[in-house]
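Beneath this line is the structure, given in structure tokens, with notes to follow.
Along the sequence shown, residues are numbered consecutively beginning with 1.
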Amino acid sequence: MIQAGLLRESVTVQRPVETVNDFGESSTTWETYATRRARIDGIVVRETMDGQGNRTVASHDVSMRYVPGLEAGMRLLWTSRSPARVLDILSITELNNREEHRLSCAEQVT
């Protein structure tokens, strides 16, 4: 079990919601799915250059208590940082018989 003292960061788990406006255009909005305390460790920062210019991506390892229904494609809003940062969930690992989630996340740095 993850120790409570290690969960120093606040995160909001968000899931995508597809909406269609009056013109039939689809757009994605995000709604709150759960709020948790988490441990967030930075792993690596890398810069790449593509057709859209330079991009910087930071990778993070996130540990938190189990969230039923958590899926890749959801994201974390790291609310204990100012301004809040968005972490895209890339992979999910369940540990200790559904007591803990360990996530690999990417942050697009501007």
Quiz item: By side chain to side chain donor-acceptor pair (under 3.5 Å), which residues pair with Glu100, not counting sequence neighbours?
Solution: Arg102

Quiz item: If two hydrophobic side chains count as joined below 4.5 Å and joins carry through other members, does Leu7 share a cluster with Tyr66?
Solution: no

Self-check item: side chain to side chain donor-acceptor pair (under 3.5 Å) partners for Asn96, two or more places apart
Solution: none

Quiz item: If every non-hydrogen atom of Gly73 is compared with every non-hydrogen atom of Pro16, which pair is closest and at what distance?
Solution: O-CD, 3.8 Å

Practice problem: Report yes or no: does Arg8 contribute a side-chain atom to a donor-acceptor pair with the main-chain N or O of Gly5 at less than 3.5 Å? | Solution: yes

Quiz prompt | Rounded distance [0.5 Å steps], OG in Ser10 versus CE in Met64 | solution = 12.5 Å

Practice problem: Go through the structure and list residues passing side chain to side chain contact (heavy atoms under 4.5 Å, CB included) with Thr12, not counting sequence neighbours. | Solution: Gln14, Thr32, Thr35, Leu77, Thr79

Practice problem: Apply side-chain contact (heavy atoms from CB on, under 4.5 Å) to the pair Glu107 and Asp88, showing each step before the final yes or no. | Solution: CA-CA 6 Å; Glu107 173 187 7; Asp88 297 314; over 6 Å; no

Exercise. Decide yes or no for Leu76 and Ile40: does some side-chain heavy atom of the first lie under 4.5 Å from some side-chain heavy atom of the second?
Key: no

Quiz item: Please, which pairs that meet ring-ring contact (aromatic ring centres under 6.0 Å, His included) have at least one residue in residues 68-99, sequence neighbours excluded?
Solution: His60-Trp78

Exercise. Scan residues 14-28 for pairs that pass salt bridge (Lys or Arg N to Asp or Glu O under 4.0 Å), counting only residues two or more places apart or in two chains.
Key: Arg15-Glu31

Quiz item: Residues in side chain to side chain donor-acceptor pair (under 3.5 Å) with Asp41, at least two apart?
Solution: Arg39

Quiz item: For Ser27, which residues count as a side chain to side chain donor-acceptor pair (under 3.5 Å) partner, sequence neighbours excluded?
Solution: Thr19

Quiz item: Which pairs with one or both residues in residues 4-30 pass ring-ring contact (aromatic ring centres under 6.0 Å, His included), sequence neighbours excluded?
Solution: none

Quiz item: Arg37: what forms a salt bridge (Lys or Arg N to Asp or Glu O under 4.0 Å) with it, not counting sequence neighbours?
Solution: none

Quiz item: For Pro83, what residues pass the side chain to side chain contact (heavy atoms under 4.5 Å, CB included) criterion, not counting sequence neighbours?
Solution: none

Exercise. Under the side chain to side chain contact (heavy atoms under 4.5 Å, CB included) rule, collect the residues that match up with Ile92, sequence neighbours excluded.
Key: Leu70, Ile89, His101, Leu103

Quiz item: Of the options Ser104, Ser59, Cys105, which is the one that meets Ile43 in a side chain to side chain contact (heavy atoms under 4.5 Å, CB included)?
Solution: Ser59

Quiz prompt | Residue pairs passing the salt bridge (Lys or Arg N to Asp or Glu O under 4.0 Å) test where at least one lies in residues 69-82, sequence neighbours excluded | solution = Glu9-Arg81

